[in-house]
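By convention here, the first residue in the shown sequence is residue 1.
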Amino acid sequence: MEQAGTRSRQAPAASAPDAVAARPASAYRVPAQPGVADVDRERGIAADGRPAPVRGDTRSGDTRPGGDAARGEHTHSETPIPLPRTPGRPVVQRASVRGQILDALRAALAGGELTPGEVYSAPALGERFGVSATPVREAMQQLAIEGAIEVVPNRGFRVVRRGARELAELAEVRALLQVPVIVRLAHTVPADRWGELRPLADETARAASSGCRATYGEADRAFHRGVLGLAGNEQLLQLTDDLHRRTQLPLGGGQVGSGGRVELMADAAEHIALLDALVAGDLDAACCLVEKHFGAVG
């Protein structure tokens, strides 16, 4: 009798369909091996196709304590972003877009397309490059770290003006770092290793003849990186790369005049002469050329 009384006090069991219907959508939990309906619940889609509320999600009006969001668990309320599945086609990462924008901005700075003292906004530059403002803003932050631009709150980024004193100081630091290393390498690196750098030196000559300061700057950086790379010091390469970029002065135009082209070609000729001396084992001439090459910004 007691057992019968206990059963009589219990609520009558609901049928399976009624039980499912009675449960709110927010009460569903994703099982370990979801089926089709479970995937819908994981994505936050109710049976009628509308977004299902998530427990603890204030956007859905459900602020009950103990919800998934309150515990810091992933509530799966985001809409999944489909990724391309084409075999053999790499997925374009945002970092690569940022890198391309960074290279383009560096070239624009070196070529004078971005005027010193002017303020540029990320949305405007993004429209110019055909991308959103986000990768442009990230690239500009990197340029701010390098000292090429400065952040202007609520406006954008201002291209810094480099004075003659600052450029002279940067050139002196470059010489202090590179001259002793190259002189030491001249005494230790065999001639055939120096000969391997000939294509880099020839590229600086071609870039100089084009008269494009930005193009020459990249070729010049590659040559110096190739020379210093023989020392096997990665920290040295990073420091000299940064200093090289800082010495590239915006001149107000992508192309330099005839006098500037002559200057670039003379600088490139010193690369070739230096390699000739190193390959020939003429250490005295090589040391003199190294000191001459770093006597000015180049």
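Between Arg213 and Glu218, no side-chain nitrogen of the basic residue sits less than 4.0 Å from a carboxylate oxygen of the acidic one, so the salt-bridge criterion is not met. Taking 4.0 Å as the cut-off between side-chain N and carboxylate O, Asp242 and Arg174 do not count as a salt-bridged pair. Residues Arg155 and Glu118 are not paired through a salt bridge, judged by the lack of any N-O separation under 4.0 Å between the basic side chain and the carboxylate.
Checked against Ile182 for a side chain to side chain contact (heavy atoms under 4.5 Å, CB included), the options Leu230, Leu177, Leu289, Leu228 give a single hit: Leu228.
Taking all atoms of both residues into account, the shortest heavy-atom contact from Val136 to Ser132 is CG2-O, 3.7 Å. Nearest heavy atom pair, residue Cys287 against residue His187, reads SG-CE1, 4.4 Å. Between Ala107 and Ala214 the shortest heavy-atom distance is O-CB, 3.5 Å. Here the shortest heavy-atom pairing between Leu275 and Ala201 reads CD1-CB, 3.6 Å. Of all heavy-atom pairs spanning Leu278 and Ala186, the tightest one is CD2-CB, 3.5 Å. Residues Gly195 and Val279 come closest through the heavy atom pair N-CG2, 3.9 Å.
The neighbour count for Glu146 CD, taken as heavy atoms of other residues, nucleotides or ligands under 6.0 Å away, is above 12.
In the hydrophobic cluster analysis, where Ile, Leu, Val, Met, Phe, Trp and Tyr join through side-chain heavy atoms closer than 4.5 angstrom, Ile272 is grouped apart from Val227. No continuous path of ILVMFWY side-chain contacts below 4.5 Å connects Met265 to Leu274, so the two sit in separate hydrophobic clusters. A continuous path of Ile, Leu, Val, Met, Phe, Trp and Tyr side chains, each step under 4.5 Å between heavy atoms, connects Val181 with Leu243, placing both in one hydrophobic cluster. The cluster map of Ile, Leu, Val, Met, Phe, Trp and Tyr, joined by side-chain heavy atoms under 4.5 Å apart, puts Val183 and Leu197 in the same cluster.
Residues satisfying the side chain to side chain contact (heavy atoms under 4.5 Å, CB included) test with Ala144, not counting sequence neighbours, are Ile149, Val151.
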Derivation and outcome, side-chain contact (heavy atoms from CB on, under 4.5 Å), residues Arg184 and Val189: CA-CA 9 Å; Arg184 174 170 59 85; Val189 175; over 6 Å; no
Any chance you could lay out the side-chain contact (heavy atoms from CB on, under 4.5 Å) test for Val131 and Leu125, step after step, and finish with the verdict? CA-CA 8 Å; Val131 298; Leu125 290 173; over 6 Å; no
Evaluate Asp241 against Arg221 for side-chain contact (heavy atoms from CB on, under 4.5 Å), listing each step before the verdict. CA-CA 7 Å; Asp241 266 2; Arg221 185 180 66 86; 3.3 Å; yes
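For the atom pair His293 NE2 and Asp267 CG, the distance stands at 4.5 Å (nearest 0.5 Å). In this structure, the separation between CZ on Phe157 and CG on Leu105 is 10.0 Å, given to the nearest 0.5 Å. Atom CG in Leu236 sits 7.0 Å away from atom CD in Gln178 (nearest 0.5 Å). To the nearest 0.5 Å, atom OG of residue Ser96 and atom CD1 of residue Ile101 are 10.0 Å apart. Separating the OG1 atom in Thr204 from the CG atom in Asp220 is a distance of 7.0 Å, to the nearest 0.5 Å. Within the model, atoms OH of Tyr216 and CZ of Arg261 stand 13.5 Å from one another, a figure rounded to the nearest 0.5 Å.
A ring-centre distance under 6.0 Å is not found for His244 and Phe223.
Side chain of Tyr120 to backbone of Thr115: a donor-acceptor contact under 3.5 angstrom is found. Distance alone, capped at 3.5 Å, is enough to place a donor-acceptor pair between the Arg162 side chain and the Arg246 backbone.
Annotation for Val119: hydrophobic cluster partners, listed by chain and number, are Val152 (ILVMFWY side-chain heavy atoms under 4.5 Å, direct or chained).
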